Amino acid sequence: MKTAIYPGSFDPVTYGHIDIIERAAKLFDRLIVLVSTNPTKPPTFSPAQRVDFLQRSLRKSLTTPEVNIEIDCHSGLFIDYFKKRGANVIVKGLRAMSDFEYEFQMALLNKDMCLGAETVFLSANVASMFLSSSAVKQIAQFGGDISAFVPHQIADDITNHLSTRSG
Ligand code: ADP
């Protein structure tokens, strides 16, 4: 059984992430979407909120028995989690060359720390290659409409959270 892990901040999840999740789920027997902590990017939403956003956005897939997607959360070293779960593949999305340098470095480091850890890069969809969590947050903060960028189940919660914070 091939288990893949798609790690990210998902702060919050966007249609770009959803696209990668849906495509990756078709390629592997099991896909774990892992909400992780990037020490260089302090998150806006708590790990529990980010997991909740993913669960609500993916509810349809999560309740379809033949779709094997799991959502989890981890705050330590990613490769320790990868080994503990007996995973085979790390999934990453690439929007542009700007993503590549960092992701390529991470792929090499992970392979160095765990020989079996192969990273598979999926290219972003043309429709969402401009999309990032931080852009969505900036738009929401100023009361802009984010419904084209994030699932409708979570759009209002994101806007309310950010507009309250920015006063
Ligand atoms: P962000 O850069 O939006 O904060 P994350 O840390 O949550 O993203 O990203 C997790 C993974 O998802 C990374 O591999 C990233 O390249 C990928 N990703 C993020 N946004 C998109 C998108 N719009 N299309 C494809 N992949 C994406």
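Owing to the predicted nature of the structure, the values given are computational and were not obtained by experimental measurement. Whatever order the structure lists ligands and atoms in, that order sets their numbers, starting from 1. These values consider heavy atoms only, across backbone and side chains, with no hydrogens, waters or symmetry-generated copies.
Residue His17 holds the heavy atom nearest to atom 8 (O) of ligand 1 of all those in Glu103, His17, Met106, Lys137. For atom 6 (O) of ligand 1, the nearest non-hydrogen atom from the set Ala127, Ala124, Ser9, Pro7 belongs to Ser9.
Distances below 4.0 Å separate heavy atoms of Asp99 from the following atoms of ligand 1: 16 (O). Of all atoms in ligand 1, listed by their number and element, those nearer than 4.0 Å to a heavy atom of Leu131 are 20 (N), 22 (C), 23 (N). In the vicinity of Ser128, heavy-atom distances shorter than 4.0 Å reach the ligand 1 atoms 22 (C), 23 (N), 24 (N). Ligand 1 places these atoms under 4.0 Å from at least one heavy atom of Lys41: 1 (P), 2 (O), 4 (O), 6 (O).
No heavy atom of Ser134 sits closer than 4.0 Å to any atom of ligand 1.
Where the criterion is an N or O separation shorter than 3.5 Å, residue side chain and backbone included, Phe10 meets it with respect to ligand 1. For Gly93, a nitrogen or oxygen atom sits less than 3.5 Å from a nitrogen or oxygen atom of ligand 1, counting backbone and side chain alike. Checked by distance only, ligand 1 and Ser133 come closer than 3.5 Å through their nitrogen or oxygen atoms. In terms of polar-atom proximity, defined here as any N/O pair under 3.5 Å, Lys92 makes no such contact with ligand 1. Between Gly8 and ligand 1, not a single N/O pair is under 3.5 Å apart. At least one N/O-N/O distance between Tyr6 and ligand 1 falls below 3.5 Å. For the pair Asp11 and ligand 1, the shortest N or O to N or O distance does not fall below 3.5 Å. Looking at ligand 1, you won't find any N or O of Thr14 less than 3.5 Å from one of its N or O atoms.
In this structure, CD1 in Ile21 is found 8.0 Å from OG in Ser57, a value given to the nearest 0.5 Å. Atom-to-atom distance recorded for Gln55:CD and Ile69:CD1 is 12.0 Å, nearest 0.5 angstrom.
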Determine, step by step, whether Thr44 and Lys137 satisfy the side-chain hydrogen bond (donor to acceptor under 3.5 Å, both in side chains) criterion, reporting the C-alpha distance in whole Å, the side-chain angles of both residues, the deciding distance to 0.1 Å, and the verdict. CA-CA 9 Å; Thr44 303; Lys137 284 187 282 190; 3.0 Å; yes
For Asn125 and Tyr15, what are the C-alpha separation, side-chain angles and deciding distance, and is it a side-chain hydrogen bond (donor to acceptor under 3.5 Å, both in side chains)? CA-CA 10 Å; Asn125 206 315; Tyr15 277 132; over 6 Å; no
Please determine whether ring pair (Phe, Tyr, Trp, His ring centres under 6.0 Å) holds for the pair Phe53 and Phe10, giving the CA-CA distance in whole Å, both sets of side-chain angles, and the decisive distance to 0.1 Å. CA-CA 9 Å; Phe53 286 160; Phe10 305 107; over 10 Å; no
Would you check, one step at a time, whether the test side-chain contact (heavy atoms from CB on, under 4.5 Å) holds for Lys92 with Val120? CA-CA 6 Å; Lys92 289 290 187 155; Val120 168; over 6 Å; no
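Of all the heavy atoms of Ile20, the ones lying under 4.0 Å from any atom of ligand 1 belong exclusively to the side chain. Residue Met129 does not touch ligand 1, judged by heavy-atom distances below 4.0 Å. For Tyr15, no heavy-atom contact with ligand 1 is shorter than 4.0 Å.
Look at Glu103 and Arg95 and you find no salt bridge, because none of the NZ, NE, NH1 or NH2 atoms lies under 4.0 Å from a carboxylate O.
Relative orientation of the Phe149 and Phe130 rings is perpendicular, given thresholds of 30° and 60° on the angle between their planes.
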